[in-house]
Visitor: 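First the structure, which I've put down as structure tokens, then a few questions once you've had a look.
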Amino acid sequence: MQFKKICVIGLGYIGLPTASTFAAYGLQVVGVDTNPYVISTLQNGGIHICEPGLRMLVHEAIDSGNLTVRETPEAADAYIIAVPTPFFDDEQGIYNGQVYRMADMRSVKSATESIVPYLKKGNLVVLESTSPPRTTIDLVRPILERSGLKAGSDFHLAYSPERVLPGQIIREMTENARVIGGIDKPSAEAGKDLYAHFVKGEIILTDATTAEMVKLMENTSRDINIAIANEFSRLTQRFGVDIWEAIKIANRHPRVKILNPGPGVGGHCISVDPWFLVEAAPDLTELISTARHVNDSQPQFVLDLIRSALDNDLTGKNIAALGLTFKPDVDDLRESPAIEVVKLLTQAGAIVRGFEPNKTDTDIPGVEMTHSLEEAIVDADLLVLLVGHLEFIKLDPMRLRELTQTRIAVDTVGGWEIQSWIEAGFKLVRLGVGNYQ
Ligand SMILES: NC(=O)c1ccc[n+]([C@@H]2O[C@H](COP(=O)([O-])OP(=O)(O)OC[C@H]3O[C@@H](n4cnc5c(N)ncnc54)[C@H](O)[C@@H]3O)[C@@H](O)[C@H]2O)c1
């Protein structure tokens with residue numbers, strides 16, 4: 001199938017790189033976003049998200065005339081939907097006494113509806129948003145068929161999950177293997193013709209629901225693997241073992257690959273997607289649900305660690321929180337466990353100063369956000385490393401001791417080397433490292 005013009009609906013972390021990459025490979029691309037701020041920023045030569053290499057890619061795409069952006073779709077040969085699929089903040093399900101989060105599919109619905117007036121025979125529609133099983137068939141297809149056209153016979157419909165790593169999106173978008181699940185074989189083939197414009201990795205064709213499950217299984221297995229690492233960190237702490245050393249030794253077994261523990265699991269994907277499976281089949285997802293609860297309770301475990309480092313009294317204590325994003329070296333705060341930790345600290349009576357070098361304009365209720373490390377730590381009673389940003393990992397404790405009054409530090413990510421901190425006169429408390437008494 002030939003494509004000249006495509007519409008990418010949703011210009012966020014996924015849609016904007018996708019739209020710009022297609023444009024860089026010569027397609028006419030209309031990027032659509034309902035957020036006027038996103039459109040005006042892009043039209044005025046700016047960019048609203050931070051991702052290495054993206055600014056230049058977007059500028060080149062717009063300057064070449066191949067990428068235009070607007071608030072509503074236009075007629076095109078293909079439509080790609082890359083809108084958010086979070087969970088509802090205020091609605092929860094309950095199964096056997098366990099609560100679970102529910103997928104908010106309103107953006108997928110409205111993005112699909114926005115295509116209907118433009119849909120023509122021979123078009124291809126691809127859903128890229130991570131979605132609960134059967135979304136393409138049970139939610140997207142009936143909306144598109146309101147056009148009077150039939151999926152399969154009149155237009156192609158496919159699901160293609162995005163599997164890029166934030167921070168590496170531009171490279172991974174072209175290099176990763178891509179899964180394309182069609183509602184029928186010609187739809188999958190049409191998807192392959194489209195993505196073959198820039199994908200250099202293998203293109204794997206399957207059916208739509210398998211492709212949806214593949215994406216959810218990938219992120220769910222990662223969530224479960226982090227949950228076991230977090231649970232191990234609780235056990236090693238209790239039994240006077242160093243989790244970081246124990247993991248290193250265990251991983252020397254040829255068939256063992258334990259991940260690292262941390263303050264929890266965040267981001268728009270791994271902390272969200274497993275719930276889509278739980279909601280879809282709560283009677284079959286006991287393990288998935290439990291892993292989610294373990295990871296969601298890890299910030300509380302970190303709070304207890306900080307509290308015990310301060311003789312079990314947080315009231316009025318000044319805590320410097322280093323890093324607030326959901327993972328190192330990105331600017332994305334969504335579902336960040338670091339934010340959960342600082343919220344718990346303020347609720348427990350501590351005074352928190354936060355420093356997030358990749359997002360200094362962040363506003364977190366009850367937390368004083370600073371513009372420099374120095375400001376955050378100068379009066380602190382305790383420093384806590386919540387995100388392993390490279391610039392924090394590289395901090396020299398000898399230099400740091402000149403900048404802060406405290407000599408107590410907590411490392412929740414296994415980023416600081418114990419000996420150098422002891423030599424600099426600090427008491428370094430590390431997640432998952434217990435003192436057995
Ligand atoms: N960010 C990632 O690393 C990543 C990785 C893999 C998969 N995903 C999935 O990709 C999807 C998109 O994620 P994202 O991170 O790009 O989201 P995002 O929040 O960064 O961007 C989504 C954009 O869609 C716009 N939007 C919302 N409803 C719209 C509508 N009806 N019409 C047009 N625009 C609309 C929003 O204004 C926003 O700018 C999600 O399902 C996510 O789970 C994300």
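Along the sequence shown, residues carry numbers from 1. As the structure lists them, so they are numbered: ligands from 1, and atoms in each ligand from 1.
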Visitor: Starting from atom 12 (C) of ligand 1, locate the nearest protein heavy atom and write down its residue, its atom name and how far away it is, to 0.1 Å.
Guide: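 Answer for atom 12 (C) of ligand 1: Val83 O, 3.5 Å.
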Visitor: I'd like to check whether His48 has a polar contact with ligand 1, where a contact means an N/O of the residue lying under 3.5 Å from an N/O of the ligand.
Guide: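 There is no such contact.
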Visitor: Would you check if the distance from the ring center of Tyr195 to the ring center of Phe22 is below 6.0 Å?
Guide: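 Between Tyr195 and Phe22, the centre distance is under 6.0 Å.
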Visitor: Nearest to atom 21 (O) of ligand 1, what protein heavy atom do you find, and at what distance?
Guide: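 Checked against all protein heavy atoms, atom 21 (O) of ligand 1 sits closest to Gly12 CA, 3.1 Å.
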Visitor: Ignoring hydrogens, just give me the one of Ile115, Thr112, Asp33, Ile81 whose non-hydrogen atom is nearest atom 23 (C) of ligand 1.
Guide: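 Going through Ile115, Thr112, Asp33, Ile81 one by one, Asp33 has the nearest heavy atom to atom 23 (C) of ligand 1.
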Visitor: Are any of the N or O atoms of Thr85 closer than 3.5 Å to those of ligand 1?
Guide: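 Thr85 vs ligand 1: N/O contact under 3.5 Å present.
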Visitor: Counting only heavy atoms, which portion of Lys215 has something under 4.0 Å from ligand 1: side chain, backbone, both, or neither?
Guide: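 Contact part for Lys215 vs ligand 1: side chain (C-beta onward).
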Visitor: Please compare Val8, Val32, Ile14 and report which has the shortest non-hydrogen distance to atom 16 (O) of ligand 1.
Guide: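 Going through Val8, Val32, Ile14 one by one, Ile14 has the nearest heavy atom to atom 16 (O) of ligand 1.
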Visitor: At a non-hydrogen distance cut-off of under 4.0 Å, which region of Cys269 contacts ligand 1 (side chain, backbone, both, or neither)?
Guide: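 For Cys269, only side-chain atoms sit under 4.0 Å from ligand 1.
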Visitor: Name the option, out of Ile39, Leu165, Thr34, Thr130, that contains the heavy atom nearest to atom 7 (C) of ligand 1.
Guide: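 That would be Thr130.
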Visitor: At a non-hydrogen distance cut-off of under 4.0 Å, which region of Ala82 contacts ligand 1 (side chain, backbone, both, or neither)?
Guide: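 Answer for Ala82: backbone.
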Visitor: Could you check whether any heavy atom of Pro84 sits closer than 4.0 Å to an atom of ligand 1, since that is the contact criterion I want to use?
Guide: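 Judged by the 4.0 Å heavy-atom criterion, Pro84 does count as contacting ligand 1.
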Visitor: Will you find, in the side chains of Arg292 and Thr285, an N or O donor that is under 3.5 Å from an N or O acceptor?
Guide: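 Result is no, nothing qualifies.
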Visitor: Any atom of ligand 1 sitting under 4.0 Å from a heavy atom of Arg163?
Guide: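 Under 4.0 Å: no for Arg163.
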Visitor: Short list, please: which atoms of ligand 1 are under 4.0 Å from a heavy atom of Ile9?
Guide: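 Heavy-atom distances to Ile9 below 4.0 Å select 32 (N), 33 (C).
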Visitor: Taking distance alone, with N or O pairs closer than 3.5 Å, would you say Arg334 contacts ligand 1?
Guide: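 Right, the criterion is met.
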Visitor: Under 3.5 Å, is there a donor-acceptor pair between the Asp184 and Ser187 side chains?
Guide: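 The criterion, which ignores hydrogens and geometry beyond distance, is satisfied for Ser187 and Asp184.
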Visitor: Whether the side chain of Thr174 engages the backbone of Val199 through a donor-acceptor N/O pair (distance < 3.5 Å, no angle test) should be reported.
Guide: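 No, because the side chain of Thr174 does not come within donor-acceptor range (under 3.5 Å) of the backbone of Val199.
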Visitor: Start with the C-alpha gap between Leu386 and Val342, add the side-chain angles, then the distance that decides, and say whether side-chain contact (heavy atoms from CB on, under 4.5 Å) holds.
Guide: CA-CA 9 Å; Leu386 292 173; Val342 297; 4.0 Å; yes
Visitor: Mark yes or no for whether Asp33, through its side chain, and Ile39, through its backbone, hold a donor-acceptor pair below 3.5 Å.
Guide: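 Not at all, since once roles are kept as given, no pair shorter than 3.5 Å links the two residues.
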